[in-house]
Protein chains: 2
Amino acid sequence: MPVERPRRRIPEATVARLPVYLRILAEQADLEVDRISSDRLAELAGVNAAKVRKDLSYLGSYGTRGVGYEVSFLVYQIRRELGLTHDWPVVIVGAGNLGQALAGYGGFGERGFPVAGVVDVDPSKIGTVLGGVRVRHIDELAQIVQSRRVNIGVVATPPAAAQDAAERLVRAGVTSILNFAPVVLTVPRSVEVRKVDLAVELQILSYHEQRRSDGQLRSVGAAGISRSASA
Amino acid sequence: MPVERPRRRIPEATVARLPVYLRILAEQADLEVDRISSDRLAELAGVNAAKVRKDLSYLGSYGTRGVGYEVSFLVYQIRRELGLTHDWPVVIVGAGNLGQALAGYGGFGERGFPVAGVVDVDPSKIGTVLGGVRVRHIDELAQIVQSRRVNIGVVATPPAAAQDAAERLVRAGVTSILNFAPVVLTVPRSVEVRKVDLAVELQILSYHEQRRSDGQLRSVGAAGISRSASA
DNA sequence: CCGGCTTTGTGAACGCGTGCACGAGTGTCT
DNA sequence: AGACACTCGTGCACGCGTTCACAAAGCCGG
């Protein structure tokens with residue numbers, strides 16, 4: 001019997017870092033680097049070396065003590081673990097500003113996520129071509145998902161339409177959603193949702209900026225003045 | 001002397017949720033809801049009620065037992081804490097697909113992050129207008145940052161140009177960076193960086209999808225077969 | 001073949017964030 | 001006024017993730 005991998009659950013935090021390691025390792029492979037230490041990989045990934053080793057240890061004991069990891073082998077293992085051994089076609093809902101940019105991005109297909117379709121409700125957008133894909137009516141969503149075996153949907157609609165888009169995706173059979181709309185989506189527990197929210201990111205940065213200027217005021221000026229960073 | 005707020009450090013996890021609460025509260029205010037319970041807010045934000053209360057407690061004791069929180073007051077407090085009492089102009093580096101989408105997005109300025117400028121290296125892009133802003137040469141970056149008092153920079157360049165873009169931003173005086181390029185940026189510790197990486201998000205979803213199909217194979221088929229989701 | 005050098009893999013301690021559970025206020029109704 | 005229903009604020013325990021530190025393991029030179 002073949003060696004059945006333990007297949008222990010990989011912590012989410014680790015899963016989120018694996019793609020980063022993968023990208024770096026692929027780059028190193030292009031540079032004809034064939035071995036790499038956890039130290040070096042950690043440096044390139046901007047994390048702690050122990051973390052790298054622990055992360056990689058979830059995949060199995062693929063390093064060699066005293067030597068490091070074989071780059072190409074690691075690439076293979078990570079790709080396998082992330083399910084990147086085959087393509088995952090995605091469907092994009094919403095052909096607005098963002099949907100267009102995503103479809104035209106290109107980096108999508110290259111990285112194993114070809115755009116199987118783009119749909120919208122707006123008749124004026126239907127038929128236009130984005131990144132080699134013709135925009136279709138949202139009623140064709142289910143048909144696209146089924147014929148192209150799509151598991152991943154991208155919500156790139158205005159906020160007000162996002163929940164409906166998500167529901168259509170779920171009904172069509174999609175089990176993972178990447179949500180760009182600034183809305184909390186309600187979906188069955190079995191559906192995996194990840195969100196990318198520009199406004200949230202900027203506001204987090206704003207928080208830190210504000211804190212920074214606060215601190216300056218505090219140390220430079222007299223204490224106790226009412227807070228205002230307006231200057 | 002005015003009541004100096006404790007100003008204890010707010011956990012990052014909480015900071016990341018405050019913008020979500022803020023958006024929901026603003027919506028509720030528009031709906032003329034003037035009071036809200038932690039339970040209701042939790043439901044709308046898709047989180048636990050205890051978490052909401054703990055998060056809000058970092059801002060101060062602004063709720064009323066037996067009643068809830070006054071929506072408009074909470075909105076004010078969160079905005080203040082996040083530093084959203086004034087605008088934070090941002091500068092976008094890279095006028096490619098993504099940079100254009102971001103500049104044209106509109107939701108930027110509305111939410112307090114007006115686009116102070118867009119720069120690129122490509123002469124063919126300079127002078128074109130995106131979302132009301134003319135694209136300028138990257139050499140003008142420092143000038144823009146200084147004259148418009150920009151603290152936040154957005155990196156929307158191809159991967160190979162991202163590190164250089166970041167360094168230029170830092171040199172120009174930017175202290176927070178939102179990075180869309182799939183690259184780990186190296187910047188002084190004093191600079192805050194947040195990244196938005198499409199490929200990473202999709203690969204995380206891929207991991208879960210793969211895991212899902214794996215599990216199905218495992219329970220449906222016989223055990224111990226080598227793993228391959230190629231079917 | 002041995003000793004020294006390198007680097008992995010992981011046990012253990014620590015710290016942060018989450019969620020429970022409950023005391024403490026607040027409003028309402030009789 | 002008193003009883004009751006409601007909801008906040010928070011102490012506490014738990015679990016996950018990070019980091020340290022070191023033994024185990026492999027390589028190399030003499």
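The shown structure was predicted, so the numbers you read here are calculated from the model rather than taken from an experiment.
Closest-nucleotide positions on DNA chain D for A:P11 and A:T64 were compared, and the one nearer the 5' end corresponds to A:P11. Where B:K54 and B:D39 meet DNA chain D, the nucleotide closest to each residue was compared, and B:D39 sits on the side nearer the 5' end.
Among the protein residues, B:R17 comes within range of the sugar-phosphate backbone only, with heavy atoms under 4.0 Å from sugar or phosphate atoms but none that close to a base.
To the nearest angstrom, P of C:dT8 lies 13 Å from OH of A:Y21. Spacing between atom CG of B:D55 and atom P of D:dT7 amounts to 19 Å, rounded to whole angstrom units. In this structure, the CD atom of B:E70 is 13 Å from the P atom of C:dG27, given to the nearest Å. The OH-P distance, from A:Y58 to D:dC16, rounds to 11 Å in whole Å. Residue A:R53 contributes atom CZ, which lies 16 Å from atom P of D:dG26 at whole-angstrom precision. At whole-Å resolution of the value, CD1 in B:I10 and C1' in C:dG17 are 15 Å apart. One can place CD of A:E43 at 16 Å from C1' of C:dT7, the figure rounded to the nearest angstrom. Rounded to an integer number of Å, the gap from CG of B:L59 to P of D:dT10 is 12 Å.
Within 3.5 Å, a donor on the side chain of A:R65 pairs with an acceptor on the base of C:dT8, or the reverse.
Only one option out of A:R111, A:R23, A:R17 pairs with B:D197 in a salt bridge (Lys or Arg N to Asp or Glu O under 4.0 Å); it is A:R23.
Between A:N48 and D:dG17, a side-chain N or O to OP1/OP2 separation shorter than 4.0 Å is absent. Contact check, B:Y69 against D:dG9: a side-chain N or O comes under 4.0 Å of OP1 or OP2.
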Determine whether A:F73 and A:Y62 satisfy the following criterion, ring pair (Phe, Tyr, Trp, His ring centres under 6.0 Å), listing intermediate values before the conclusion. CA-CA 8 Å; A:F73 188 63; A:Y62 295 142; 5.1 Å; yes

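Of the candidate nucleotides C:dT18, D:dC20, D:dT10, D:dC20 has the atom nearest to the side chain of A:A50. For B:S37, whose side chain is taken as the heavy atoms from C-beta onward, the closest listed nucleotide among D:dC8, D:dG11, D:dA24 is D:dC8.
The residues A:R35 and A:E70 are annotated as not salt-bridged, no charged nitrogen and carboxylate oxygen being separated by less than 4.0 angstrom. Look at A:K51 and A:D55 and you find no salt bridge, because none of the NZ, NE, NH1 or NH2 atoms lies under 4.0 Å from a carboxylate O.
In this structure, the side chain of B:R212 engages the main chain of A:T175 through a donor-acceptor pair within 3.5 Å.
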